[in-house]
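One structure is given below, encoded as structure tokens.
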Amino acid sequence: DWDEGPYFQSERGALYDAAAAKLIADGQAYYCDCTRDSLLLRTGDPNRGYDGYCRDRDLGVAPGRALRFRTPDAGATTVVDLIRGRPEFENELLEDFVVVRGDGRAIFLLANVVDDIEMRISLVIRGEEHLPNTPKAQLLWQALGGGDPPTWAHVPVLVNEKRQKLSKRRDKVALEQYRDEGYLAPAMRNYLMTLGWAPPGDVEIVPWTVIEETFRLEDVNSAPAYFDLKKLAAFNGEYIRALAVDEFVDASRPWIAGGAAPWPPERFDPVAFAAMAPLVQERVTTLAEVPRYVDFLFLDDAPIETASWDKAMKGDAAAILDEAAAAYETADWTAESLKEALDAVGQRHGLKLAKAQAPVRVAVTGRTVGPPLFESLALLGRERTLARLRAARERL
RNA sequence: GCCCCCAUCGUCUAGUGGCCUAGGACACCACCCUUUCAAGGUGGCGGCACGGGUUCGAAUCCCGUUGGGGGUGCCA
């Protein structure tokens with residue numbers, strides 16, 4: 001949550017101009033018209049930073065001339081970091097870096113420092129990739145008369161399976177995307193907190209209030225952490241199962257009630273889904289998996305999957321389908337008696353219920369895997385169940 | 001190249017000199033339960049990168065090596 005802003009650096013140019021003017025007036029910055037090529041010509045080393053050529057040329061402002069900050073030639077800059085201690089940087093190794101572009105716009109680093117001073121920022125929390133820029137920021141801070149520099153906390157980066165920093169281009173980093181895939185915000189939040197830190201005790205899945213009360217930046221690890229989708233999924237499954245049934249139904253709505261569902265919206269039956277919900281809830285890892293557990297209820301025909309069909313429709317399948325259909329014409333339409341009836345069919349063929357239910361399951365739901373069968377049949381109703389059993393029998 | 005950061009099971013972590021024959025979670029394996037699949041239960045596999053110190057004692061402190069990551073823009 002936040003309590004002010006947002007601010008736009010594009011609207012605060014006057015502040016940055018004033019800061020640049022101060023640096024010039026104090027002799028801490030100078031204009032420079034060097035290009036990359038002219039620098040390389042002088043140093044002959046593409047790895048070397050700016051050589052300070054324009055330091056004393058006393059160039060004035062002109063289009064195309066950048067403003068460079070004059071870094072100290074000696075001494076060291078110490079950064080106070082809650083997570084990393086007190087890293088020290090030799091000033092001598094810092095090149096005179098650009099703070100204002102040739103077109104007059106401030107570079108992010110300058111804008112950032114000016115904003116932080118003006119907003120009286122005392123603690124900066126950011127990714128560790130910013131650590132090497134920190135001495136530059138502090139030097140600018142001092143040069144601008146900002147007072148005591150802030151305390152820093154450089155948190156570890158998150159890495160992918162190749163242990164590279166997660167990047168927008170290469171990796172899936174947008175939270176919206178995870179939300180769209182059916183991850184719950186509290187699950188994501190809880191999982192993220194376990195990266196580089198751990199709640200007290202031997203539990204990782206904890207209420208947010210516990211995290212609020214016990215989290216300390218000083219306890220954060222400094223090593224990069226791998227973002228493990230499998231573990232996130234495990235957290236998400238636990239959070240889904242912890243939901244009250246009506247909360248689960250609510251949360252599932254975007255995947256089942258709208259146009260995104262794999263069946264015509266008008267065919268969706270909220271009552272049937274509510275009845276099925278507890279059975280689905282303990283089986284899914286993400287909300288996006290919900291539709292495939294209930295689609296057989298809202299589609300005209302069973303959504304037969306070939307692999308499932310081939311696996312289940314062999315051996316005594318034909319006989320089982322016939323006998324199940326016969327028994328189901330007159331059976332009480334309750335999960336319990338549907339189960340007993342099919343169990344009896346299976347026993348005639350020397351099959352355990354686990355085996356006997358397979359052809360029926362595939363005929364009716366289309367897949368070998370799904371919610372408990374007899375509860376599903378009970379909801380689907382006698383008419384549609386019988387129709388699907390016969391359709392499957394014909395297809396054999 | 002140069003600078004900086006980092007290093008406990010495959011992964012995320014607990015551990016802040018003796019409580020560690022290193023604990024938990026995810027993953028994996030086995031078994032139990034069971035109408036499929038899950039969920040749940042029980043058990044198992046598996047780690048202090050390496051080498052030197054310091055100390056009565058080191059996963060914990062120091063140095064080095066190796067390995068990994070980040071930075072090095074008139075990007076943010």
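Numbered from 1 within each chain, the chains take letters A, B, ... in sequence-line order.
- Regarding A/L192, its CG atom lies at a distance of 18 Å from the P atom of B/C26, rounded to whole Å.
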For residues 238-249 of chain A, which side-chain donor-acceptor pairs fall under 3.5 Å, sequence neighbours excluded?
| unit_1 | atom_1 | unit_2 | atom_2 | d |
| --- | --- | --- | --- | --- |
| A/Y239 | OH | A/N190 | OD1 | 2.5 |
| A/R241 | NE | A/G237 | O | 3.4 |
| A/E247 | OE1 | A/A244 | N | 2.8 |

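- Residue contacts for A/L93: at a heavy-atom cut-off of 4.0 Å it reaches the sugar-phosphate backbone alone, with no base atom in range.
- Here B/U35 is the nucleotide among B/U11, B/A7, B/U35 with the atom lying nearest to any side-chain atom of A/L353.
- B/C4 atom P lies 13 Å from atom CG of A/N91, rounded to whole Å.
- Contacts of A/T368 with the nucleic acid, taken as non-hydrogen atoms under 4.0 Å apart, include base atoms.
- Counting non-hydrogen atoms under 4.0 angstrom, A/E92 reaches nothing in the nucleic acid.
- Residue A/R283 has its side chain nearest to B/A38 when only B/A38, B/C6, B/C12 are considered.
- Rounded to an integer number of Å, the gap from A/E305 CD to B/C37 C1' is 13 Å.
- With both ends at atom P, the span from B/C6 to B/A49 equals 15 Å, rounded to whole Å.
- Figure legend: cation-pi geometry between A/R55 and A/Y30 absent, as NZ or CZ is not positioned both under 6.0 Å from the six-membered ring centre and within 45° of its axis.
- Going from the C1' atom of B/U60 to that of B/A22 covers 11 Å, rounded to whole Å.
- Of the two residues near RNA chain B, A/V284 and A/A223, the one whose nearest nucleotide lies more 5' is A/A223.
- Between the side chain of A/E204 and the base of B/G24, at least one donor-acceptor pair of N or O atoms lies under 3.5 Å.
- Relative orientation of the A/F268 and A/F273 rings is tilted, given thresholds of 30° and 60° on the angle between their planes.
- Across the protein-nucleic acid pair, A/R216 atom CZ and B/U13 atom P stand 17 Å apart, rounded to whole Å.
- Using modelled atom types, one finds a donor on one side chain and an acceptor on the other under 3.5 Å when comparing A/E323 with A/H349.
- Residue side chain A/K231 reaches the base of B/C12 through a donor-acceptor N/O pair under 3.5 Å, judged by distance alone.
- The residue A/A358 sits apart from the nucleic acid: no heavy atom pair falls under 4.0 Å.
- Using a 4.0 Å heavy-atom distance criterion, A/P371 is classed as a base contact.
- The side chain of A/L131 has B/C5 as its nearest neighbour among B/A14, B/C26, B/C5.
- When each of B/C26, B/U35, B/C4 is scored by its nearest atom to the side-chain atoms of A/P372, the top-ranked nucleotide is B/U35.
- Sequence order on RNA chain B of the closest nucleotides to A/L195 and A/F374 puts A/L195 first from the 5' end.
- Judged by a 6.0 Å distance limit and a 45° cone about the ring axis, A/R283 is not positioned over the six-membered ring of A/Y293.
- Base pairing of B/A14: no nucleotide in any strand meets the Watson-Crick or G-U wobble criterion (both distances under 3.5 Å).
- Centroid-to-centroid, the aromatic rings of A/F108 and A/F97 stay 6.0 Å apart or farther.
- The residue A/F97 sits apart from the nucleic acid: no heavy atom pair falls under 4.0 Å.
- Here the side chain of A/D202 is nearest to one of B/C4, B/G24, B/C26, namely B/G24.
- Counting to the nearest Å, the C1' atom of B/U16 and the CH2 atom of A/W197 are 17 Å from each other.
- Applying the side-chain contact (heavy atoms from CB on, under 4.5 Å) test to A/A66 and every residue at least two apart in sequence or in another chain returns A/V98.
- With both ends at atom P, the span from B/U42 to B/A25 equals 10 Å, rounded to whole Å.
- If you take atom C1' in B/U72 and the same atom in B/G64, they sit 26 Å apart, rounded to whole Å.
- For the pair A/N221 CG and B/U11 P, the interatomic distance rounds to 14 Å; values are reported in whole Å.
- Checking B/A7 for Watson-Crick or G-U wobble geometry (two distances, each under 3.5 Å) identifies B/U66 as its partner.
- At a cut-off of 3.5 angstrom, counting only N and O atoms as typed in the model, there is no donor on one side facing an acceptor on the other between the side-chain of A/R84 and the base of B/C5.
- A pairwise comparison of heavy atoms in A/S252 and A/V290 identifies OG-CG2, 3.9 Å as the closest pair.
- Summarising the geometry of A/L140 relative to A/F69, their closest heavy-atom pair is CD2-CD1, 3.7 Å, with the distance given to 0.1 Å.
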Whether each nucleotide of nucleotides 64-76 of chain B has a protein heavy atom under 4.0 Å at its base (B), only at its sugar-phosphate (S) or at neither (-) is summarised, 5' to 3', as -----SBSSSBSB

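- B/C28 is paired with B/G44 under the criterion used here, namely a Watson-Crick or G-U wobble arrangement in which both key atom distances are under 3.5 Å.
- Base pairing of B/G1 is made with B/U72, judged by Watson-Crick or G-U wobble geometry with both donor-acceptor distances under 3.5 Å.
- Side chains of A/T134 and A/R84: a donor-acceptor N/O pair is absent below 3.5 angstrom, by distance only.
- Within the shown strands, nothing qualifies as a pairing partner of B/C33 under the Watson-Crick or G-U definition with both distances less than 3.5 Å.
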